[in-house]
Amino acid sequence: MSSPPTEELVRHWESEQECLRQQVVEDDTEDWQRSPSFSGLERVGGVDLSFIKGDEVNACAQLVVLSYPDLKVS
């Protein structure tokens with residue numbers, strides 16, 4: 001069983017999270033998003049990549065595409 005992260009590591013993670021939070025773009029930035037013919041999103045996707053501890057070559061990746069806005073697997 002691994003030990004919990006140190007307070008210093010948690011503070012580092014919180015600092016990184018705050019930096020990322022400040023980079024979030026909440027407004028439409030592309031011309032096609034403002035086009036009258038754009039009727040909205042139909043699908044959204046997400047990716048997760050997990051590295052295997054001690055293995056510098058292999059990783060596990062997962063991609064999921066969901067319908068929007070009901071978020072059912074497409």
Side-chain donor-acceptor pairs under 3.5 Å in residues 5-17, sequence neighbours left out?
residue, atom, partner, partner atom, Å
T6, OG1, L9, N, 3.1
H12, NE2, E16, OE2, 2.5

Discussion item. Checking D27 now: which residues fulfil salt bridge (charged side-chain N to carboxylate O under 4.0 Å, His left out) with it, not counting sequence neighbours?
Written reply: none
List the atom pairs, with distances to 0.1 Å, where a side-chain N or O of residues 62-70 and a protein N or O form a donor-acceptor pair under 3.5 Å, not counting sequence neighbours.
residue, atom, partner, partner atom, Å
S67, OG, D70, OD1, 2.5
S67, OG, K72, N, 3.2
S67, OG, K72, O, 3.2

Identify all side-chain donor-acceptor contacts of residues 35-52 below 3.5 Å with residues at least two apart in sequence or on another chain.
residue, atom, partner, partner atom, Å
S35, OG, S37, N, 3.3
S35, OG, S37, OG, 2.9
D48, OD2, S50, OG, 3.2

Worksheet, complete the sentence: Residue set satisfying side-chain hydrogen bond (donor to acceptor under 3.5 Å, both in side chains) with Q22, at least two apart, ordered chain then number -> E18
Worksheet item: Are there more than 12 heavy atoms of other residues, nucleotides or ligands under 6.0 Å from atom CG of D55?
Response: yes
Worksheet entry | Under 4.5 Å side-chain linkage, directly or through intermediates, the cluster mates of V57 | none
